[in-house]
Every structure is written in structure tokens, then in C-alpha cells.
Amino acid sequence: MPSASFVGTINAVINAGLIPVFCDVDIDTQNITVETLNAVRSRRTVAVIGLHYGGNPFEYGIVNYCTDHNLFLIEDNACSPLSSYKQKFTGTWGDFGAWSFDPMKVLAAGDGSIVYSKDLNLIKRFNTLTHLGLDSELGCKRDSKE
Ligand SMILES: *Cc1c(COP(=O)(O)O)cnc(C)c1O
């Protein structure tokens, strides 16, 4: 995860029983890069949390890097709700993307968030974990024709 981030993201990693490893950010974009990520990756690395800082997408090469090294890619999209690169919205590149609607964010809606994944099994597991372990679609039902 980036050394420049929000404390809530770090707390989520610690609460999951994992050890956060901080990655340097580019001085101009404040985003992690393939180079700074590669400098801290170890055999024990299981996931990358990339933050699209201040509306600037991190370099897309990180998506391929995570695929090549079998790492989950979680996109912290709290600060970049409508950012894109080559017509692909940030938050939809990796395994998970998270948007925040906190009153201090670009897209404020009182509170709340969106978590996205293109993997329906991951979304089902996420829904179960956010409903106290219950297999419930309460509040998360979607009408899909896919
Ligand atoms: C605000 C913020 C979060 C947390 O979002 P909440 O919806 O308040 O939990 C995470 N990451 C970044 C970069 C943020 O700015």
C-alpha cells in the first residue's frame, strides 16, 4: 500500500490480520509505481492496495504486474470517483475497487460507499462478510441479465 494514504485503509489491513507494507510514491503523482512496488514486494505479498491519488490514476502497468505475480489488486478509488485511463474507469481495473461517499470526498452523499468487483464469487463472499456471515442479499440485490 502507498506510504501516502488514509488511515482507514491501513486499519482495514491490520483488522484483517495482515501486515501492511508501505510502498514509496512518485513525487509528482503521489501514486505507487511498478518500480516502487517491485522494491517492496516479497514472497509473502498477497495483495496490492493502489490508491488513485487526487483524481490521478496510478500507472496501468500495475494491473499487469499484479496479474503476473498472482497478487490481488484492490483499488482505493475514494479520491477518484470518475477518473479513467484509456476509457476504463479507475476502480474497475483490479479485483476490487472501493468508492467513498463521505462528506469530505469529491462525490459526497452523506456517507456510504461502493465496492466493485467483476468476480461474482468475490462479491458474494464480500456480501456475506458484510452481513455478519449471513448468506443475504439484503440491500445488495442487483438485477443482472449478464
Ligand atoms: C476517505 C478515504 C478513505 C475512507 O473512505 P470512508 O468512506 O470514509 O471509509 C479511504 N481512502 C482514501 C484515500 C480516502 O481519502
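Remember, it's 1-based here, ligands and their atoms both numbered in the order they're listed. This structure is a prediction, so every number in the text was calculated from the model and none was measured.
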Compute the shortest N/O to N/O distance between [X] and ligand 1 and return yes if it is under 3.5 Å, no if not.
| X | answer |
| --- | --- |
| K105 | yes |
| S5 | no |
| D76 | yes |

**Asked** Does the protein place any heavy atom closer than 4.0 Å to atom 8 (O) of ligand 1?
**Response** yes
Is any side-chain heavy atom of [X] closer than 4.5 Å to a side-chain heavy atom of [Y]?
| X | Y | value |
| --- | --- | --- |
| S83 | H52 | no |
| D26 | N31 | no |
| L37 | Y65 | yes |

**Prompt:** How far does CG of L51 sit from CG of N56, to the nearest 0.5 angstrom?
**Reply:** 10.0 Å
Structural part of [X] in contact with ligand 1, heavy atom criterion under 4.0 angstrom:
| X | value |
| --- | --- |
| A78 | side chain |
| C79 | side chain |
| L51 | side chain |

**Prompt:** Any side-chain donor-acceptor pair under 3.5 Å between T90 and N77?
**Reply:** yes
**Prompt:** With a 6.0 Å cut-off on ring centres, are W99 and F89 close enough?
**Reply:** no
**Request:** Could you list the atoms of ligand 1 found under 4.0 angstrom from a heavy atom of T9?
**Result:** 10 (C), 11 (N)
**Closest protein heavy atom to atom 3 (C) of ligand 1, given as residue, atom name and distance to 0.1 Å** = F6 CD2, 3.3 Å
**Prompt:** Please state which protein non-hydrogen atom is closest to atom 6 (P) of ligand 1 and give its distance, to 0.1 Å?
**Reply:** S100 OG, 3.4 Å
**Prompt:** Hey, which of V115, D119, I49 is the one that makes side-chain contact (heavy atoms from CB on, under 4.5 Å) with F96?
**Reply:** V115
